[in-house]
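Here the structure comes first, spelled out in structure tokens, and everything after it is commentary.
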Amino acid sequence: MATTVGIFGLGLIGTALAERLLAEGHGVVGYDVDEVRGTLLREKGGMPADPEAIWQSDIILSAVFSTDQLADIIVAAPEVTDKVLVTMSTCDPDQIVELAESARKRSIVLVEAPISGTSLQVRQGTALLLLAGDAAGLDAFEQVADAISPNRERVGVIGNGNRTKLAINSVLGLNRAAVAEGLVLAESLGLDPATYLQTALRSAARSDVMDAKGPLMVARDFTPLGRIAQSQKDFKLIREMAARNGHANLPMVNRYLEVMENAERAGDGDLDNSAVFLAVSRMAKS
């Protein structure tokens with residue numbers, strides 16, 4: 001049965017979600033502060049709308065950049081009855097718990113489905129959704145979740161979706177950096193980067209990250225599928241959450257953030273996260 005889905009945030013992920021839902025026959029209305037993104041949604045078959053109209057949808061998804069933006073959505077919500085809001089961004093797990101209680105007082109059920117995967121993987125329907133929170137709210141989301149991805153895992157109480165996502169993201173980011181550093185080393189040794197990468201992909205060092213990001217690094221193609229700025233934001237949150245829970249010094253996370261700071265200073269924030277290669281290259285020469 002077709003459902004109307006409202007989406008807050010029409011960036012890389014929000015647009016990819018809209019495309020998946022529209023392709024499966026669901027109606028999509030979306031809001032973004034950037035009106036150009038609303039125009040693009042209209043061209044794809046969706047309908048740009050103001051925030052109040054988004055809340056009239058059967059189910060509402062949040063694909064905004066930060067936890068603060070999610071909080072703003074909840075605070076500004078009009079008077080509604082029994083609406084389910086699904087947060088699909090990487091957010092602060094502790095604040096998510098607090099926001100769920102704030103939402104409940106407004107007759108909104110806040111559940112989590114943060115996405116492990118790039119916007120391309122969302123478009124392909126292969127991303128992993130990490131579901132957490134109220135069971136009835138998640139059941140309501142399941143009505144449209146098949147249109148997004150069959151890969152879903154329920155990971156427990158509210159907050160656990162983003163706790164799981166942060167731990168996964170730490171591995172992903174460090175893997176990207178390792179692939180970048182291997183390529184920088186290979187090139188410095190005079191190896192052909194494409195040949196080296198194909199050889200590494202047949203070795204014990206192979207990973208899905210190497211397979212996905214290695215060719216982009218070799219080609220110097222940093223068209224964004226997941227931005228450096230997003231990765232930096234996530235790793236700052238990873239470090240903060242680790243410190244809150246008794247692990248104030250995660251050495252590899254700290255080093256990765258130094259690489260991200262190099263990328264930010266160089267103006268690489270809007271590039272794909274495979275552009276970590278550029279920062280590693282610069283730092284290797286310093």
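Only heavy atoms go into these numbers, but all of them, side chains included; no hydrogens, no water, no symmetry mates. For reference, positions follow the sequence shown, starting with 1.
With hydrogens and angles left out, the side-chain atoms of Ser274 and Asp272 include a donor and acceptor closer than 3.5 Å. Residues Asn273 and Lys213 have side chains that bring a donor and an acceptor to within less than 3.5 angstrom of each other. Side chains of Asn162 and Asp92: a donor-acceptor N/O pair is absent below 3.5 angstrom, by distance only. If you check the side chains of Ser170 and Tyr256, you find no donor sitting under 3.5 Å from an acceptor.
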Identify each donor-acceptor pair in which a side-chain atom of residues 181-195 lies under 3.5 Å from a protein atom, sequence neighbours left out, and give them as a table.
| from | atom 1 | to | atom 2 | distance (Å) |
| --- | --- | --- | --- | --- |
| Glu187 | OE1 | Arg220 | NH2 | 3.2 |
| Glu187 | OE2 | Arg220 | NH1 | 3.4 |
| Glu187 | OE2 | Arg220 | NH2 | 3.4 |
| Ser188 | OG | Leu185 | O | 2.7 |
| Asp192 | OD2 | Ala194 | N | 3.4 |
| Asp192 | OD2 | Thr195 | N | 2.8 |
| Asp192 | OD2 | Thr195 | OG1 | 2.7 |

(message) Quick one, Met260 with Val276, criterion side chain to side chain contact (heavy atoms under 4.5 Å, CB included). Give me CA distance, side-chain angles, the key distance, then yes/no.
(response) CA-CA 7 Å; Met260 292 292 93; Val276 66; 4.0 Å; yes
(message) Determine whether Leu85 and Val109 satisfy the following criterion, side chain to side chain contact (heavy atoms under 4.5 Å, CB included), listing intermediate values before the conclusion.
(response) CA-CA 6 Å; Leu85 173 62; Val109 177; over 6 Å; no
(request) Output, in order, the C-alpha distance, side-chain angles, deciding distance and verdict of side chain to side chain contact (heavy atoms under 4.5 Å, CB included) for Ile115 and Leu128. (result) CA-CA 6 Å; Ile115 297 166; Leu128 173 64; over 6 Å; no
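Under the side-chain contact (heavy atoms from CB on, under 4.5 Å) test applied with Asn169, the options Leu174, Asp234, Thr164 reduce to a single match, Asp234.
Arg255 CZ: 12 or fewer foreign heavy atoms inside a 6.0 Å radius.
Of the possible donor and acceptor atoms, one in the side chain of Ser149 sits under 3.5 Å from a partner among the backbone N and O of Asn151. Using a distance-only test at 3.5 Å, with no hydrogens or angles considered, a donor-acceptor pair links the side chain of Glu112 to the main chain of Gly161. The backbone N or O of Thr223 sits less than 3.5 Å from a side-chain atom of Asp221, completing a donor-acceptor pair.
Hydrophobic clustering (ILVMFWY, side-chain heavy atoms < 4.5 Å, transitive): Phe8 and Ile13 are in distinct clusters.
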